[in-house]
2 protein chains.
Amino acid sequence: MDKIYTIKDIAELAGVSKGTVDRVLHKRGKVSEDALKKVNEVLDRIDYQPNLMARSLKKTQIYSICVLIPDSANDPYWQPCIDGINDAKKEFKSFNVKVEIFLFDPTSTASFVETNQNVLNSSPDAVLLVPLFHKEALDAIETYNSKGIISSIFNNQLKSSAIKSFVGQDLFQSGRIAARLLDLLIKKGTIAIVHIDEDYENAIHMQEKEKGFRDYFENLETGKFEIKTFKVKHPQFKTTLKEYLESNPAIEGLFVTTSKAYQVAKIIAKNPEKKIALVGYDLLENNLEYLNNKTIDFLIHQNPKRQAYLGTTSLIEHFIFEKEISPEKLLPIDIVNTENAKDYFL
Amino acid sequence: MDKIYTIKDIAELAGVSKGTVDRVLHKRGKVSEDALKKVNEVLDRIDYQPNLMARSLKKTQIYSICVLIPDSANDPYWQPCIDGINDAKKEFKSFNVKVEIFLFDPTSTASFVETNQNVLNSSPDAVLLVPLFHKEALDAIETYNSKGIISSIFNNQLKSSAIKSFVGQDLFQSGRIAARLLDLLIKKGTIAIVHIDEDYENAIHMQEKEKGFRDYFENLETGKFEIKTFKVKHPQFKTTLKEYLESNPAIEGLFVTTSKAYQVAKIIAKNPEKKIALVGYDLLENNLEYLNNKTIDFLIHQNPKRQAYLGTTSLIEHFIFEKEISPEKLLPIDIVNTENAKDYFL
DNA sequence: ATTTTTATTGTGTTCGAGCACATTTTAACA
DNA sequence: TGTTAAAATGTGCTCGAACACAATAAAAAT
């Protein structure tokens, strides 16, 4: 049977004291070759699993983790992240970890930089952040790294050797899924990819989604679909899109690459004679409203709550269970329609 | 600040010994009214959270949980359950819990009864089971209950006051989702609900799904769809379905209420001129093959792995963290197509 | 008033790992 | 060979909760 061994057991089996076993296990040195061999022989033979209860009971050090996310006052997309992080906090509240949330204004680079400075001042053991601003995020991560602070990111991909882990979705694949759905919705015709660019930088997000979207149709039998791209900034958005649709009456499907599908829905809902297929992102209140009245056909769920949860727990578990942090964790891309929308709020 | 209090702290604050505090906390009696009052006053004032590490370190009792699931040799649907249970085992391996898996033959009531007897002989603290056989499951659960053994179920719903928890999906809603998908796939026409009944009993499953499916169309503008039901037992399945489709050429969509959509796909794939929309359940190898070649349009993912995982962890956490077991946990109903299928194997 | 019984309260050990410190062994050097 | 330095090894306390057992106080019985 798989008996549970303790350090004391190992010490007895190897004929040494538990202090020596401890030194071997933690590679603290000051062990003779002879003793090292004896202990290692035992260790090879049995499957020693340190008792994590005893360990964390003894350890008085409290690990500190800071999470940097955009303030949901600016964009409701981020609200679920708070819940995910709080779930993680709750789950591990008995352990020696402290998780602190720092909010920044997603429309302000300065706010991002400043918040990172605040985080740095609290000198945490690890930071989980949403790298919304490419350059500034890289700088911050570099600084953390130089101070021995672990950095993980989620939601937005960012390549850097100083990053321990990324949690998010495969955006290229996400675009392909949207394509497949629109393929089903309108069997042929013209589709426009709509990029509603906010002030802040999610260009990479949108680009990857567009690539995936186009990739799907390129590998399809030709002639059935025509794909266009339409970029628009927020202020002039309403009139511009209206004009665009009027001047392109062939358009039968729209793919909105951000969480702002409801804004598009608002416009096309005014013209109910001509149903335009609409696929967008994220389960915001506004989007769900138009999903339920079937102006929006499908929403793709990016699961920000779970992203934040997993990003947080992987750091926590790294500290208290010495678990390895997997460099990349890609979440399933959930397809949501009228019928299963409410399931994703659990 | 939210200081963490220990029993010693409480004892000092109340001016009694830690033994007395312990007796108050555990209601072991043998405490004078005076002391009781003093301790309770402190307890009201502060928020005492017992250190679970220390507790489980001291407790030598090992909790035993048995999980009863169908043998995946008979039906590959159950394979992921094993993985989910093993994930739970791994996650809590440092704690005082032992999780044991018992397999039974889903085609044999006798096997189910016998396995329950084996479980009973090992006198566990809790049992998680798939109540495939209605009457026998109720009997088993009644027996467990009388011996003080906690029973939880997953995958199949079953009503009994002796059941602590159910993990699964809302099958009615699941049927509605299938309906919505077929509504999109074929804008109008005749749809057949196909019940492929295995020897074992999942009639309730299928009935609920059918109800949800029909419910969706009943609330729709009339005249667009006609819904039929087709029941078939396995042996004669192939020829019967073929004949059925030939004699009902109006059928443009099929909803297979079990994981056997691939068997239907095999038949309709032979007649590629007439594309029939097909929606089924579960990410089996066989189903995925036909999903990828687009014979199957959508699969609904019942997430057996997560069901088993959550069923197991909720019992484990009940024992080691004294967490309450929520009586019902309904999982999201995932819509799967060619593009996001592989995401669900993580 | 003294002993006995009962009720109440306090003390000390345990769980396993981690680490400081004490002790022993070995090596280095005069 | 004796002395000192260095290396290796062992011992013992701690973390917080649980619980057995010892100790004390209060009540009851003689």
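Everything numeric in this text was worked out from a predicted model, so none of it was measured. Labels below follow one simple rule: chain letters A, B, ... track the order of the sequence lines, proteins then strands, and each chain is numbered from 1.
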**Complete:** Closest to the side chain of A/R28, out of C/dC19, D/dC19, C/dA17, is C/dC19

**Prompt:** Quick one: B/N96 CG to C/dC15 P, roughly how many Å, whole number?
**Reply:** 13 Å

**Fill in**
Exactly one of B/T143, B/V119, B/L120, B/I141 clears side chain to side chain contact (heavy atoms under 4.5 Å, CB included) with B/I149, and that residue is B/L120

**Fill in**
When rounded to whole Å, the CD to P distance for the pair A/E12 and C/dA17 reads 13 Å

**Complete:** Closest to the 5' end of DNA chain C, once B/K18 and A/I7 are matched to their nearest nucleotides, is B/K18

**Request:** Would you confirm whether the ring centroid of A/F319 sits within less than 6.0 angstrom of the ring centroid of A/F92?
**Result:** no

**Request:** Choose from D/dT9, C/dA17, C/dT9 the nucleotide whose nearest atom is closest to any side-chain atom of B/S17.
**Result:** C/dT9

**Prompt:** Are the aromatic rings of B/Y48 and B/Y5 close, with centres under 6.0 Å apart?
**Reply:** no

**Item:** Interatomic distance where NZ belongs to A/K27 and C1' belongs to D/dA8 [whole Å]
**Value:** 19 Å

**Message:** Treating A/T312 as the side-chain partner and A/A308 as the backbone partner, does any N or O pair qualify as donor plus acceptor under 3.5 Å?
**Reply:** yes

**Item:** Atom-pair distance (CG on A/D22; P on D/dC13), nearest Å
**Value:** 17 Å

**Message:** Without decimals, in angstroms, what is the distance between B/I4 CD1 and D/dC15 C1'?
**Reply:** 13 Å

**Item:** Backbone N/O of A/D9 and side chain of A/T6: donor-acceptor pair under 3.5 Å
**Value:** yes

**Asked** Any side-chain N or O of B/S32 less than 4.0 Å from the OP1 or OP2 oxygen of C/dT9?
**Response** yes

**Among C/dC15, C/dG10, D/dA18, the nucleotide that comes nearest once only the side chain of B/R55 is considered** = D/dA18

**Asked** Between D/dA17, C/dT9, C/dC15, which nucleotide gets closest to the side-chain atoms of B/T6?
**Response** D/dA17

**Message:** What is the separation between atom NE2 on A/H26 and atom P on C/dA20, rounded to the nearest whole Å?
**Reply:** 12 Å

**Request:** Rounded off to whole Å, could you give me the CD-to-C1' distance for the B/Q49 and D/dG16 pair?
**Result:** 14 Å

**Asked** For B/D34 and D/dA27, what is the distance between atoms CG and C1' respectively, to the nearest whole Å?
**Response** 17 Å

**Prompt:** Counting just side-chain N and O atoms, does B/T20 come under 4.0 Å of either OP1 or OP2 of C/dG10?
**Reply:** yes

**Request:** Among C/dC19, C/dT9, C/dC15, find the nucleotide with the atom closest to the side chain of B/L57.
**Result:** C/dC15

**Asked** In terms of the nearest nucleotide of DNA chain D, which residue is placed more toward the 5' end: B/L52 or B/R23?
**Response** B/L52

**Request:** For C/dA17, take OP1 and OP2 only and decide whether either is under 4.0 Å from a side-chain N or O of A/Y5.
**Result:** no

